[in-house]
Amino acid sequence: MPKAMSLTATARRPVKAGDLRPNISGGRGDELLHRRFAQSRDPMLREQLVHRYLPLARYAAGQYARGNEPFDDLMQVASVGLLKAIDRFDPDNGAAFSSYALPTMTGELRRHFRDRGWAIRPPRDLQEQALLVERATDELRRETGRSPAIDDIAQHTGLSAEAVL
């Protein structure tokens with residue numbers, strides 16, 4: 001493709017199989033595809049990007065595979081993260097797409113475990129405080145060799161003793 005060709009002309013040009021590399025390491029074909037999608041928001045280009053990076057979503061889901069969570073559910077959550085990454089990615093920022101997409105998918109997977117890991121659904125801030133108290137308790141137990149007092153946990157976390165309770 002000549003350099004003088006505008007991006008709008010590039011967006012109308014159909015994507016050929018030879019334009020894309022067979023791996024997810026990026027490259028000129030991926031960059032062109034991302035640029036075309038960023039400009040046109042064509043659903044067909046989005047679908048091509050999804051199929052192109054689905055192995056990356058599978059990898060992300062595999063990193064969080066646990067015995068009690070079905071892999072299909074994790075794959076679905078990672079795929080949602082992939083869709084968000086495709087929609088939000090700016091090809092002009094200079095970063096590789098995979099460097100942007102993997103943290104996005106990881107965030108979706110972590111949010112999935114955070115939201116699904118509770119038997120009841122307390123507010124999010126209470127969930128975060130409970131996790132903070134749990135981490136602080138473990139740290140203090142390792143440091144001191146005993147179960148920490150409520151005041152110790154409160155001082156370590158910056159929460160009030162009432163919030164720790």
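As the structure is a prediction and not an experimental result, all values here were calculated from the model.
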Residue pairs, two or more places apart or on separate chains, that pass ring pair (Phe, Tyr, Trp, His ring centres under 6.0 Å) and touch residues 59-87: none
Heavy-atom check, side chain of R36 versus side chain of D42, under 4.5 Å: no
Spatial distance of atom NE2 (H156) from atom CG (L132) [nearest 0.5 Å]: 8.0 Å
Greater than 12 external heavy atoms within 6.0 Å of E143's CD: yes
L54 side chain reached by M75 side chain, heavy atoms, under 4.5 Å: yes
Carboxylate-amine/guanidinium proximity below 4.0 Å for E139 and R135: no
Reported CG-to-OG1 distance for the pair D152 and T137, which is rounded to 0.5 angstrom: 10.0 Å
Basic-acidic side-chain contact under 4.0 Å: D30, R52: yes
Minimum heavy-atom distance R114-Q127, with the two atoms named: O-OE1, 3.5 Å
Straight-line distance of Q48 CD to I86 CD1, nearest 0.5 Å: 11.0 Å
Contact summary for P103 and S98, nearest pair of heavy atoms: CD-O, 4.3 Å
Check against side-chain contact (heavy atoms from CB on, under 4.5 Å), E69 and H112: CA-CA 11 Å; E69 193 73 21; H112 171 75; 2.7 Å; yes
For the student: nearest non-hydrogen atoms of L74 and L109, plus distance: O-CD2, 3.5 Å
Smallest separation among heavy atoms of S160 and A154, with atom names: C-CB, 4.0 Å
R110 with D115: basic N within carboxylate O range, under 4.0 Å: no
S99 side chain vs A95 backbone, donor-acceptor pair below 3.5 Å: no
Y100 reachable from M105 in the ILVMFWY side-chain graph, under 4.5 Å edges: yes
Hydrophobic cluster membership, F113 vs V77, 4.5 Å side-chain cutoff: yes
Carboxylate-amine/guanidinium contact R141 D138, below 4.0 Å: yes
E47 CD to L83 CG distance, which is reported to the nearest 0.5 Å: 10.5 Å
side-chain contact (heavy atoms from CB on, under 4.5 Å) assessment of D92 paired with R35: CA-CA 8 Å; D92 293 328; R35 286 189 185 285; 2.4 Å; yes
Parallel, tilted or perpendicular: ring planes of F97 versus F89, cut at 30 and 60 degrees: perpendicular
Which atom of L82 lies closest to which atom of A57, heavy atoms considered: CD2-CB, 4.4 Å
Cluster overlap F37 with V50, hydrophobic side-chain contacts below 4.5 Å: yes
Residue pair D87 / R46, side-chain heavy-atom distance below 4.5 Å: yes
Evaluation steps, side-chain contact (heavy atoms from CB on, under 4.5 Å), between L102 and L56: CA-CA 7 Å; L102 195 57; L56 188 61; 4.1 Å; yes
Verify same cluster id: I153, L159 (apolar side-chain graph, 4.5 Å): yes
Audit row: H34, Y53, ring-ring contact (aromatic ring centres under 6.0 Å, His included) steps and yes/no: CA-CA 12 Å; H34 283 290; Y53 288 97; 5.7 Å; yes
Spacing of CE belonging to M44 relative to CG belonging to L49, to within rounding of 0.5 Å: 12.0 Å
Nearest-0.5 Å distance that lies between atom CG in L165 and atom CD1 in I150: 3.5 Å
Exceeds 12 heavy-atom contacts within 6.0 angstrom, atom CD of Q155: no
